[in-house]
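Quick notes on the structure that follows.
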Amino acid sequence: MMAASGKLASFRLPPLPTVGELIKLYKLRAEKQLSQNFLLDLRLTDKIVRQAGNLRDAHVCEVGPGPGGLTRSILNAGAADLLVVEKDTRFIPGLKLLSEAAPGKVRIVHGDILTYRMDRGFPSNISKPWEEDPPNLHIIGNLPFNVSTPLIIQWMENIANRTGPFVYGRTRLTLTFQKEVAERLTASTGSKQRSRLSVMAQYLCTVRNCFTIPGRAFVPKPEVDVGVVHFTPLVQPQIQQPFKVVEKVIRNIFQFRRKYCYRGVENLFPEACRVELTQEMMQNADVDPTLRPTELTIPHIRALVDSYAHLCTREPSLLSYEFREELRLKHPSGQGNTPTDTFNDTATGTPPSPQQLS
C-alpha cells in the first residue's frame, strides 16, 4: 500500500497463498534424508529476519528458501535485491510465484550453496573496505541440519581469505542451526559445549546466539530445538595465521576433548619426533599442557598456532603431516586407536567427512 506521505512506502507482498497452502498446492514434503524442516509461522520468520538488522534497500542472499516462509519475511523487511539459492527442484515453482509478486526483487538460483559462486552474485559497487562498516549485504538461511556445519566451516575459511561472500567486505550472517550446534558456536571458554566450532567461529567473528525456536514450530517437527545465530566478521582475526594452519591445530587439540590438551598437540607430529616437538611447541607457547581443550582461551590457542607455524617454517614437511595417515600405514586393517570423541561438532557426534574439513 502506498503511504500518503513520503514517496516510498514500505513494500508489502500482495495477497498470496499461505506457505501451508503452497506446500499443499505443489505437494511439497520435507525430505528426511535432506534434513529439511519448514518454518510456517511468519511471526517466527519475521523474528529471524529482525536479527539480521535493518534490511531496508539491502542485498540479501537466502540459503535454502524451501517453500519461501523466510523469503516473504525478508521481502516484507524491505530488501531491494534478494538472491535465493535452492538446490531442490520441487521448490522452484513456489519461489517463482513469490518472484512474480515482488517484481524485480527476487533472483532464483537453482543450485547448491556449497558450490555456488556468491562472489559473482552481487554488484561489486556494494563492496565496503574490510576495515569499514559491513556492506549492505546479508546472508540469511534456515539451513538443513546436514549442511549447516560444513557450510559454516567453508564460510569461516572464506572470511579468513576474504573470498566468496566476503569479497564485498564483512558480510553478516544470520543462520539457524540445531540448538546443540548453536550452543557450540557461541560457547565460552570452560563451558561444556566449548569445541572446535566455538574457536573456529570466535577467532574470526563476533558470534551471537539470538534465540531458540522450539522444534514443534517446524513441519515436520525435528527431534531437537533450533538456535538462531548471528555472525559479524571481525576486522582483525584473533589469530594471524593461514586458515589451514589454524584449522589443523584446533582440530587436533579438540580430538581428545576430555584429556589434557598436550595429547591432541602430540598428533601434529610424526611419532619419531613427537615427544620433543610437543614439548617445544607447548613451552614456546607458554601454555600449561595439563589444561583441557575446553579450558583454552583464544589467546592460548593463538600462542599454540603461532608456535606450530614457527616449527613448520623450520621443518616444512610438518604442514602436510596427518597422524591418521601414519596410523593407517601402521594398522592397514584399520585397528588404529582413533579417539572416540574426535569431532563432536556435527549434530550426531559422528566424524565429518574429509570434504567438511578441507
Side-chain angles (χ1 to χ4, degrees), residues 52 61 63-64 85 112-119 130 134-135 137-141 143-178 180-189 193-210 227-255 293 296-299 301-302 304-306 308-309 342-347 351-358:
C61 174
V63 182
V85 182
D112 185 343
I113 193 63
L114 285 164
T115 53
Y116 175 67
R117 292 286 306 267
M118 211 187 293
D119 54 341
W130 195 263
L137 169 62
H138 298 261
I139 296 173
I140 301 176
L143 303 174
F145 294 154
N146 64 355
V147 83
S148 59
T149 303
L151 188 54
I152 201 63
I153 291 287
Q154 181 175 306
W155 278 337
M156 291 303 141
E157 182 163 12
N158 289 151
I159 290 170
N161 299 328
R162 301 184 187 179
T163 54
F166 307 96
V167 298
Y168 305 101
R170 295 185 297 120
T171 302
R172 288 159 291 183
L173 310 158
T174 308
L175 305 166
T176 61
F177 296 90
Q178 202 162 328
E180 198 184 327
V181 177
E183 285 170 352
R184 287 198 194 114
L185 285 161
T186 53
S188 51
T189 306
Q193 278 84 11
R194 185 75 164 176
S195 71
R196 176 186 75 123
L197 264 186
S198 322
V199 183
M200 295 297 294
Q202 293 168 33
Y203 99 86
L204 288 162
C205 295
T206 303
V207 192
R208 191 176 85 243
N209 197 343
C210 305
V228 178
V229 184
H230 182 80
F231 305 80
T232 305
L234 294 163
V235 172
Q236 282 289 357
Q238 294 197 65
I239 304 172
Q240 305 274 329
Q241 292 291 349
F243 179 86
K244 295 276 191 229
V245 176
V246 181
E247 193 276 331
K248 185 179 182 185
V249 174
I250 293 170
R251 171 164 40 99
N252 278 278
I253 287 172
F254 277 95
Q255 282 188 43
L296 296 173
T297 62
I298 288 185
I301 290 170
R302 180 196 308 133
L304 288 166
V305 174
D306 288 345
Y308 175 70
T342 305
F343 294 102
N344 280 339
D345 284 345
T346 43
S353 64
Q355 298 91 296
Q356 243 171 277
L357 302 165
S358 58

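Across I113, L175, V181, a single residue satisfies side chain to side chain contact (heavy atoms under 4.5 Å, CB included) together with L143, and that is L175. Among T232, I159, I152, the one residue that satisfies the side chain to side chain contact (heavy atoms under 4.5 Å, CB included) test with C205 is I159.
In plain terms, the two heavy atoms of L234 and Q238 that are nearest each other are CD1-CG, 4.0 Å. Heavy atoms only, all atoms of each residue included: R172 and P135 are closest at NH2-O, 3.3 Å. Closest approach of P165 to W155, counting heavy atoms only: CG-NE1, 3.6 Å.
Distance alone, capped at 3.5 Å, places no donor-acceptor pair between the R196 side chain and the R251 backbone. S198 places a side-chain N or O within donor-acceptor distance of the main-chain N or O of R184, the cut-off being under 3.5 Å. Of the possible polar contacts, none joining the Y203 side chain to the P237 backbone as a donor-acceptor pair under 3.5 Å is found. Using modelled atom types, no side-chain atom of W130 and backbone atom of R170 make a donor-acceptor pair closer than 3.5 Å. Q202 places a side-chain N or O within donor-acceptor distance of the main-chain N or O of L185, the cut-off being under 3.5 Å. Judged purely by atom type and a 3.5 angstrom limit, Q154 uses its side chain to pair as donor or acceptor with the backbone of L114. The backbone N or O of F166 lies less than 3.5 Å from no partner atom in the side chain of T171, so there is not a single donor-acceptor pair.
Distance check, rounded to the nearest 0.5 Å: NZ of K244 to CG of N161 gives 8.0 Å.
With no hydrogens or angles considered, no side-chain donor-acceptor pair links E183 and N209 at under 3.5 Å.
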